[in-house]
Enquirer: 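This is the structure I have questions about; it appears just below.
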Amino acid sequence: MIDLKDLRQNPDKYKAGARAKNVSVDVDAVLTLDERARGAQAEFDRLRAEQNQVSQQIGRAKDPAEREALKAKAGEFKPRLQQLGEEQREVAAKVEGLLLAIPQPPDDDVPPGRDASDNVVVRHWGEPPTFDFKPKSHIEIGEALGLFDFRAGAKIAGSRSYFLKSGGAELHAAVIRLALDMMTREMGFTPMVVPVMVREQAMKGTGFFPGGRDQAYRVGEVEEAGEDVRFLTGTAEVALTAYAAPENEAVTLNEVDLPLKLTAASTCFRREAGTYGKDTAGLYRVHQFDKVEQVVICRNDVAESKRWHAEMLGYSEELLRRLKLPHRVIQCCTGDLGVKNASMLDIETWMPSRFDGKTQATGYGETHSASRLYEFQARRLNLRYKDKEGKVRFCHTLNNTVVASPRILIPILENYQNADGSVTVPEVLRSYVGREVL
RNA sequence: GGAGGCGUGGCAGAGCGGUUGAAUGCGCCGGUUUCGAAAACCGGUCUGCCCGAAAGGGUAGCGAGGGUUCGAAUCCUUCCGCCUCCGCCA
């Protein structure tokens, strides 16, 4: 949610922002409607003030006849007030609806571009390995070693489903555990176990709805709101970010409480609607996976947000360095940001099976995504804190993947494969897996 | 699944149709007092929107939404949450 006041003052900023993000919105329509809503509100307030005065006289009046006369007088305000109230409510709801769709303008440091092809490589780490044998894909490796079973997955749960087995399941648990341990023991994040089935309000508040409604699985038998309907989250970001937000208007946080550094491993559910035919084989694009997510809720300070963004990106890079997986950092261009981000950096990890043998860029697959949202989510969630001067302000929120598995198993299996078909377990995972070779 | 109760400011807790943004206590901030502190005393202490340069004023808000009424924290209604008892299941 963007700031309506700011939209009034700087409409061009938001028009340009939407254009840069390839989102079409009618900013002027919002402003026109907003003006109407405020007009109705102002008149309502004025009339109401008059009515209140008369009403208070009724309370004080002793003489019954006088009371009746005053009642009649006060009653005259009613129809007009009702009409104005209705108009105000109606128009305000429309404004709210439109406002939800207006994207957060990209930050100045985001390169302009149409889509993912205009993203900018920021840095590389590690050299893609060369093999003196014909390297296999993770699918071939895993099937040969009995690490997973796609046929059973499809039979039991449909396409894009899988079973992890023995070494595959162990490797999966190991990366999740490694990531959690690093974030909590070394980076000072608070470990959380969070709901993955949430109310619509949490999805809206974190900015996934209304835009991403078709990406979420809905749980519950009844259509009507309030009747046991929940949504499965596609990331722990939803619960972790909404965690600190009160359901009422009350301020819960104080500046000294910030920053909140939260991490959670959670199962993530994604419908992957509109991706038919894309990455259909293997572990790359699946409906259900586990992910360790990091969320930071900090003070309303652009410089601090930027610092955290870089910091959080660094944690994920650190994990990949420990796993010794070659990767590169991508600054997403304006057109690739989505509605809610001010800036987003992805990490892509080397996956030999994706490499076309010619263009190196083809060998990298997305494994991480670090978002900087400023007030966007906090406004929707009403996530606020009291600063040192006692002023109530919206928090800033950020999030980033620490690791998502089984997707991360693709680079692990493919980069660590041996000529004999076995896979060497990365050193940092050995204590978790309990052996050196799969 | 059935029956009942509850939801008020940072916290505790009154109010149950009339000038109540809301008594009282605690906490917090400022002041007086003190060599300093405690205690005591005095004052202040919510948020959104609108008007205003500001001081200030108007309006809305007592879990959330809707309704009744000249007027609602107080009545009705739907939803959300919590608690107690019974049933069911672990």
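The figures that follow rest on heavy atoms only: side chains count, while hydrogens, waters and symmetry mates do not. A, B, ... follow the sequence lines: proteins, then strands. Residue 1 opens every chain. Since we're looking at a predicted model, the values are computed, not measured.
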Enquirer: When you check the phosphate oxygens OP1 and OP2 of rU69(B), does a side-chain N or O of Lys78(A) lie under 4.0 Å from one of them?
Expert: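 True: Lys78(A) side-chain N/O within range (under 4.0 Å) of rU69(B) OP1/OP2.
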
Enquirer: Which value, in whole Å, describes the distance between the C1' atoms of nucleotides rG81(B) and rG87(B)?
Expert: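 Approximately 23 Å lies between the C1' atom of rG81(B) and that of rG87(B).
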
Enquirer: Please give the distance between the P atoms of rG9(B) and rG61(B) as a whole number of Å.
Expert: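 One P to the other, the span is 16 Å.
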
Enquirer: Does the structure show a Watson-Crick or G-U wobble partner for rG9(B), both distances under 3.5 Å? Name it, or say none.
Expert: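 Here rG9(B) is not engaged in any pair, so there is no nucleotide opposite it.
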
Enquirer: Check Arg299(A), Arg372(A), His396(A) against Ser305(A) for a side-chain hydrogen bond (donor to acceptor under 3.5 Å, both in side chains) and give me the one that passes.
Expert: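 Of all the options given, the one that passes is His396(A).
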
Enquirer: Please give the distance between the C1' atoms of rG30(B) and rG67(B) as a whole number of Å.
Expert: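 Each nucleotide's C1' atom is 45 Å from the other's.
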
Enquirer: What is the base-pairing partner of rA55(B), counting Watson-Crick and G-U wobble geometry with both distances under 3.5 Å?
Expert: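 For rA55(B), the partner nucleotide comes out as none, under the 3.5 Å rule.
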
Enquirer: In whole Å, what separates the C1' atom of rU68(B) from that of rC50(B)?
Expert: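 rU68(B) and rC50(B) have their C1' atoms separated by 28 Å.
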
Enquirer: Are Phe208(A) and Phe231(A) close enough that their ring centers fall under 6.0 Å?
Expert: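 So the answer is no for these two rings.
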
Enquirer: Paired with rA90(B): which nucleotide, if any, by Watson-Crick or G-U wobble criteria at under 3.5 Å for both distances?
Expert: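 For rA90(B), the partner nucleotide comes out as none, under the 3.5 Å rule.
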
Enquirer: Within the structure provided, determine whether Asp336(A) and Asp118(A) are in side-chain contact (heavy-atom separation under 4.5 Å).
Expert: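 Not in contact.
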
Enquirer: Quick one: is rG81(B) close enough that its OP1 or OP2 comes under 4.0 Å of any side-chain N or O from Arg199(A)?
Expert: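 So the side-chain polar atoms of Arg199(A) do come within 4.0 Å of the phosphate oxygens OP1 or OP2 of rG81(B), strictly under.
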
Enquirer: With both distances under 3.5 Å as the test, what is the Watson-Crick or G-U wobble partner of rG17(B)?
Expert: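 WC or wobble partner does not exist here.
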
Enquirer: Write down the distance between CG (Leu47(A)) and P (rG71(B)), rounded to a whole number of angstrom.
Expert: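 It is 13 Å, rounded to the nearest whole Å.
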
Enquirer: Looking only at the side chain of Gln41(A) (C-beta and beyond, no hydrogens), which of the listed nucleotides rU69(B), rU59(B), rC80(B) gets closest?
Expert: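 Taking heavy atoms from C-beta onward, the closest nucleotide is rU59(B).
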
Enquirer: Check the side chains of Thr235(A) and Lys291(A) for a donor-acceptor pair under 3.5 angstrom, ignoring hydrogens and angles.
Expert: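 Result is yes, a qualifying pair exists.
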
Enquirer: Counting only side-chain nitrogens and oxygens, does Asn52(A) get under 4.0 Å of the OP1 or OP2 atom of rU59(B)?
Expert: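 Looking at the OP1 and OP2 atoms of rU59(B), one of them is under 4.0 Å from a side-chain N or O of Asn52(A).
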
Enquirer: Quick check on rU19(B): is either OP1 or OP2 less than 4.0 Å from any side-chain nitrogen or oxygen of Gln53(A)?
Expert: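 For rU19(B), neither OP1 nor OP2 has a side-chain N or O of Gln53(A) closer than 4.0 Å.
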
Enquirer: How many whole angstroms separate atom CZ of Arg38(A) from atom C1' of rA60(B)?
Expert: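 Nearest whole value for this atom pair: 17 Å.
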
Enquirer: Identify whether any heavy atom of Arg379(A) sits under 4.0 Å from a base atom; if not, whether one sits that close to sugar-phosphate; answer base, sugar-phosphate or nothing.
Expert: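 Nothing, no nucleic acid heavy atom in range.
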
Enquirer: Asn382(A) has an atom CG; how far is it from atom C1' of rG63(B), in whole Å?
Expert: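 In whole Å, rG63(B) C1' lies 14 Å from Asn382(A) CG.
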
Enquirer: Return the nucleotide paired to rC41(B): Watson-Crick means purine N1 to pyrimidine N3 with N6-O4 or O6-N4, wobble means G-U with N1-O2 and O6-N3, both under 3.5 Å.
Expert: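 rG31(B) - that is the nucleotide pairing with rC41(B), both distances being under 3.5 Å.
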
Enquirer: For rU69(B), which nucleotide in any strand shown is its Watson-Crick or wobble partner with both distances under 3.5 Å?
Expert: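 When the pairing criteria are applied, nothing turns out to pair with rU69(B), so the answer is none.
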
Enquirer: What is the pairing partner of rU47(B), taking Watson-Crick or G-U wobble pairs with both distances under 3.5 Å in any strand?
Expert: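 Base-paired to rA60(B).
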
Enquirer: How many whole angstroms separate atom CD of Glu90(A) from atom P of rG65(B)?
Expert: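 Taking CD of Glu90(A) and P of rG65(B), I get 18 Å after rounding.
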
Enquirer: Looking across every strand, which nucleic acid part, if any, lies under 4.0 Å from Arg46(A) by heavy atom: base, sugar-phosphate, or nothing?
Expert: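 Nothing, no heavy atom under 4.0 Å.
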
Enquirer: Grab the CZ-P distance between Arg48(A) and rG58(B) for me, whole Å please.
Expert: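 Rounded to whole Å, this separation is 15 Å.
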
Enquirer: Are there more than 12 heavy atoms of other residues, nucleotides or ligands under 6.0 Å from atom NZ of Lys73(A)?
Expert: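 No, not enclosed.
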
Enquirer: Rounded at 0.5 Å granularity, tell me how far NE2 in His309(A) sits from CG in Asn400(A).
Expert: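 It comes to 7.0 Å.
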
Enquirer: On a whole-Å scale, what distance lies between the P atoms belonging to rC46(B) and rG21(B)?
Expert: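 After rounding to an integer number of Å, I get 15 Å for this pair.
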
Enquirer: Rounded to the Å, how far apart are Asp3(A) CG and rG48(B) P?
Expert: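 These atoms are roughly 12 Å apart.
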
Enquirer: Regarding Glu50(A), tell me which of base, sugar-phosphate or nothing describes its non-hydrogen contacts under 4.0 Å with the strands shown.
Expert: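 The answer is nothing, as Glu50(A) stays clear of every strand by at least 4.0 Å.
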
Enquirer: Please compare Glu86(A) and Ala49(A) by the position of their nearest nucleotide in RNA chain B and report the one closer to 5'.
Expert: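 Result of the comparison: Ala49(A).
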
Enquirer: For a quick test of reading the model: is some side-chain N or O of Arg8(A) closer than 4.0 Å to OP1 or OP2 of rC50(B)?
Expert: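 Yes.
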
Enquirer: Between rC50(B), rC70(B), rU68(B), spot the one nearest the side chain of Gln82(A), thanks.
Expert: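 Nearest nucleotide to the side chain: rU68(B).
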
Enquirer: Only pairs with both distances under 3.5 Å count, Watson-Crick or wobble alike; so what is the partner of rA3(B) in this structure?
Expert: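 Result: rU84(B).
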
Enquirer: Do you know which two heavy atoms are closest between Leu260(A) and Asp257(A), and how far apart they sit?
Expert: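 For Leu260(A) and Asp257(A), the tightest heavy-atom pair comes out as CD1-O, 3.2 Å.
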
Enquirer: Within the structure shown, what part of the strands sits under 4.0 Å from Lys391(A) by heavy-atom distance: base, sugar-phosphate, or nothing?
Expert: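 If one applies the 4.0 Å heavy-atom cut-off, Lys391(A) turns out to touch nothing in the nucleic acid.
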
Enquirer: Is there a donor and acceptor pair closer than 3.5 Å between the side chain of Arg89(A) and the base of rG65(B)?
Expert: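 No, the side chain and the base share no sub-3.5 Å donor-acceptor pair.
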
Enquirer: Please tell me which of the listed nucleotides, rU47(B), rG18(B), rC49(B), lies nearest to the side chain of Asp45(A)?
Expert: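 Selected nucleotide: rC49(B).
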
Enquirer: From CG of Leu84(A) over to P of rU59(B), roughly how many Å is that when rounded to an integer?
Expert: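 Going from Leu84(A) (CG) to rU59(B) (P), I get 15 Å.
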
Enquirer: rC28(B) and rG10(B): how far apart are their P atoms, nearest whole angstrom?
Expert: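 Their P atoms lie roughly 16 Å apart.
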
Enquirer: For rC88(B) versus rC80(B), give the span between their C1' atoms, rounded off to a whole number of Å.
Expert: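 The answer is 25 Å between these two C1' atoms.
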
Enquirer: Look at the side-chain N and O atoms of Lys5(A) and state whether any lies under 4.0 Å from the OP1 or OP2 oxygen of rC49(B).
Expert: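 Checking rC49(B) against Lys5(A), a side-chain N or O does come within under 4.0 Å of OP1 or OP2.
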
Enquirer: Provide the distance between the two P atoms, one in rC75(B) and one in rC62(B), to the nearest whole Å.
Expert: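 Their P atoms lie roughly 13 Å apart.
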
Enquirer: What is the distance, rounded to the nearest whole Å, between atom CG of Asp257(A) and atom C1' of rG10(B)?
Expert: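 Taking CG of Asp257(A) and C1' of rG10(B), I get 12 Å after rounding.
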
Enquirer: For Ser316(A) and Gln294(A), which I'm curious about, is there any donor-acceptor pair between the side chains at under 3.5 Å?
Expert: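 On atom types as modelled, these side chains qualify, holding a pair under 3.5 Å.
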
